[in-house]
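For clarity, every value in this text was computed on a predicted model and none was experimentally measured.
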Amino acid sequence: MKIIKVTKDTNIRQTLSEVLDRTENPNPEIEKSVADILHNVSVKGDEALAYYTKGFDRATVKELKVSEEEIQEAIEIVGEEFMEILREAYANVYSFHEAQLEQSWMREFRKGVMLGQRITPIGRVGLYVPGGTAAYPSTVIMTAVPAVVAGVKSIAMVTPPSQDGKANPSVLAAASICGITEIYKVGGAQAIAALTYGTKTIQPVNKIVGPGNIYVATAKRQVFGLVGIDMIAGPSEIGILADAGANPKHIAADLLSQAEHDPRAACILVTTSEDLAKKVQMEVFMQVKQLERLSIAEEALANYGLIFVVRSKKMAIEWMNEIAPEHLEILFENPEEYLDEVENAGSIFLGEYTPEPLGDYFAGPNHTLPTSGTAKFSSPLGVYDYTKRSGILRYDRDAFIEVADKVGTFAVREGLTGHKQAIEVRKE
């Protein structure tokens with residue numbers, strides 16, 4: 001990991017753009033390939049899904065929809081111990097998201113004027129869950145639970161099959177815990193196409209959520225507008241704020257927990273202690289050798305492993321707000337004291353015994369988070385992503401007459417005489 005000493009003259013934005021630029025220009029080949037897949041699925045439906053599943057996943061799937069027997073078999077394979085862990089994780093995530101529920105409301109703003117807001121769940125959503133050799137049952141829980149809490153009545157899940165034509169058992173087990181029974185063995189851009197356009201087997205949805213590879217992300221971006229999407233997730237990242245009292249062994253382990261995700265994962269420490277920076281650097285060097293995904297972690301650390309040494313905690317927070325990390329750990333003494341100063345972060349972990357993996361799997365807050373600095377303007381996946389808001393208005397005649405001329409004047413200013421006419425006919 002590279003150590004950078006920050007002086008009072010160091011320009012935050014310029015320095016970060018130089019050492020932390022992970023932007024990727026659109027790949028014309030991928031864009032065209034995805035566009036072709038979307039078109040073919042929209043025209044040929046299930047036939048195209050079978051073709052792409054055979055080509056990309058090396059799998060022949062006789063029945064796209066997962067049967068109840070396959071779900072029961074998966075539950076037996078994962079075992080009761082893991083099922084119990086899934087149940088507890090589900091309960092934690094459900095309790096957290098239940099607190100996000102918005103209520104419809106309507107009240108009298110002034111005499112004769114009733115205004116309000118109606119909250120309704122989206123009718124049908126599609127969950128994309130990576131599968132095959134890299135399966136994430138945690139993604140099932142994090143995408144499904146807020147939809148369930150929101151009251152979405154129709155939920156379809158898609159996940160790529162393994163070469164044996166079956167869905168990953170851990171993914172199916174998690175889906176059973178969440179009450180998801182409409183599951184299809186299809187992945188990649190073709191799955192996004194099926195959820196968008198529908199096929200003979202898969203009915204179209206109103207919104208698609210969930211992470212995936214570059215083809216999935218590109219497909220989601222291309223179909224946005226036909227359906228809603230949650231976000232375009234980039235490479236993972238972690239930012240850690242620490243002072244001299246923090247444990248370098250813990251910090252190194254937490255940085256590596258993100259480095260093993262992706263060669264482009266960013267692992268950033270901002271500290272007020274040069275001594276701690278050097279100790280963390282050494283710990284990372286030693287601990288990385290223990291990882292199974294060693295080559296991935298080493299590439300991430302070489303390109304995006306950074307330690308900034310700053311003069312004060314105030315400056316440290318200023319730098320971290322500019323980074324706007326997906327995951328932020330605050331390892332200052334009494335970390336709660338600094339919470340109000342944090343402006344940009346996807347999820348915030350306070351104190352030595354709240355490492356990032358708690359949020360990935362178990363604690364309750366969602367792990368589908370804004371990346372690549374988008375925490376400056378967006379939020380984690382939540383119940384609010386599965387609901388819609390409608391404004392409600394009701395005026396009685398007296399309240400209408402009171403404002404009619406003002407509304408008519410507004411309409412004339414905008415050159416919309418039809419708007420004014422809709423007001424005038426009610427004055428007669």
Got more than 12 heavy atoms from elsewhere within 6.0 Å of [atom1], [X]?
| X | atom1 | value |
| --- | --- | --- |
| Glu333 | CD | no |
| Met282 | CE | no |
| Tyr197 | OH | yes |
| Arg389 | CZ | yes |
| Asn334 | CG | yes |

### Message
Is the positively charged end of Lys44 above the ring of Tyr51, judged by distance under 6.0 angstrom from the centroid and angle within 45° of the axis?
### Response
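Relative to the ring axis of Tyr51, which defines the angle, Lys44 lies outside at least one limit.
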### Query
What orientation do His327 and Phe349 show, parallel under 30°, tilted 30 to 60°, or perpendicular over 60°?
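Rings of His327 and Phe349: tilted, as their planes differ by 30° to 60°.
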### Task
May I ask you to test the Val66-Tyr184 pair for a side-chain heavy-atom distance under 4.5 Å?
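No, their side chains stay 4.5 Å or more apart.
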#### Entry: Contact check, side chains of Leu276 and Asp243, non-hydrogen atoms, under 4.5 Å
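They are not in side-chain contact.
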### Message
For the residue pair Glu326 / Ser236, report whether a side-chain donor-acceptor contact shorter than 3.5 Å exists.
### Response
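There is such a pair (donor and acceptor under 3.5 Å, judged by atom type) between the side chains of Ser236 and Glu326.
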Between [Y] and [X], does any NZ, NE, NH1 or NH2 come within less than 4.0 Å of an OD or OE carboxylate oxygen?
| X | Y | value |
| --- | --- | --- |
| Lys376 | Glu322 | yes |
| Lys314 | Glu341 | no |
| Lys207 | Asp230 | no |
| Arg221 | Glu31 | yes |
| Glu70 | Lys166 | no |
| Glu299 | Arg293 | no |
| Glu80 | Arg87 | yes |

### Task
Look up atom CG in Leu255 and atom NE2 in His250, then write down how far apart they are to the nearest 0.5 Å.
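If I round to the nearest 0.5 Å, the distance is 13.0 Å.
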